Amino acid sequence: MSNALDDADERIWQVVAQIPRGRVATYGQVAALAGLPRGGRRVGRAMAQLPQGSALPWHRVINAAGRTAIPGAGGERQRRLLRAEGVMFVNGKVNLQRWRWCP
DNA sequence: CCCCTGACATCGT
DNA sequence: GACGATGCCAGGG
């Protein structure tokens, strides 16, 4: 069976999948595009529960401050993946005005 | 049902 | 820019 919550997760994945290589989006932005205006935390949880090796470009999702929000060593891995796509980090953060995905 | 916690966001100090 | 408080949504004990 399917309920509204599963549909929301599906929309979240759909949005994240559209973020172009070399660009980033914030949790709040993804939530809004997925039809969840104040669902930033919801998006973070959806990302946290993705299985490793997922095809979803989860690393392109960062917080509103332009920083990676993953605890532990995950943040460094995320920054490595983004830099590999050309996204530049200055003082540990991304200039959203420049790298934010604007659909 | 109450309380705490988290890959969030925003505001005030 | 760092911090704490507040609001928000969902899980878990």
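Not measured: the values here are computed from a predicted model. Below, chain A is the first sequence line, B the second, and so on; all start at residue 1. Reckoned from all heavy atoms, side chains included, excluding hydrogens, waters and symmetry mates.
Contact annotation for A:Ala48: base contact, defined as any heavy-atom pair under 4.0 Å involving a base atom. Using a 4.0 Å heavy-atom criterion, one finds that A:Gly39 contacts no nucleic acid atom at all.
In this entry the distance linking CG of A:Asp9 with C1' of C:dG11 reads 13 Å, nearest Å. The separation between A:Gln52 atom CD and B:dA7 atom P is 15 Å, rounded to whole Å. If you take CZ of A:Arg67 and P of C:dA2, they are 6 Å apart, rounded to a whole angstrom. Nucleotide B:dC8 holds its C1' atom 14 Å from the CD1 atom of A:Ile70, rounded to whole Å. For A:Asp6 and C:dA10, the CG to P distance is 12 Å, given to the nearest whole Å. When rounded to the nearest whole Å, the span between CD of A:Gln29 and C1' of B:dA7 equals 16 Å. Atom C1' of nucleotide C:dG11 and atom CD of A:Gln49 are separated by 8 Å, given to the nearest angstrom. In this structure, A:Tyr27 atom OH and C:dG7 atom C1' are separated by 19 Å, rounded to whole Å.
Side chains of A:Tyr27 and A:Arg42 form no contact here, defined as non-hydrogen atoms less than 4.5 Å apart. With a 4.5 Å cut-off on side-chain heavy atoms, A:Leu36 and A:Arg11 count as touching. Within the 4.5 Å cutoff, the side chain of A:Val24 has no heavy atoms near those of the A:Ile19 side chain.
Side-chain atoms of A:Met47 lie closest to B:dA7 of the nucleotides B:dC8, C:dA10, B:dA7. You'll find that the side chain of A:Lys93 is closest to C:dG1, out of B:dA7, C:dA10, C:dG1. If you check B:dA9, B:dA7, C:dC8 against the side chain of A:Arg38, the one that comes closest is C:dC8.
Of the residues near DNA chain B, A:Arg45 and A:Thr26, the one whose nearest nucleotide (by heavy atom distance) lies more toward the 5' end is A:Arg45.
For A:Arg23 against A:Trp101, the heavy-atom pair with the smallest separation is CB-CB, 4.1 Å.
Between B:dA7 and A:Arg41, no contact under 4.0 Å exists linking OP1 or OP2 to a side-chain N or O.
Residue-environment remark: CD (A:Gln18) exceeds the threshold of 12 foreign heavy atoms within 6.0 Å.
Atom P of B:dG12 sits at a distance of 16 Å from the matching atom of C:dC8, rounded to the whole Å.
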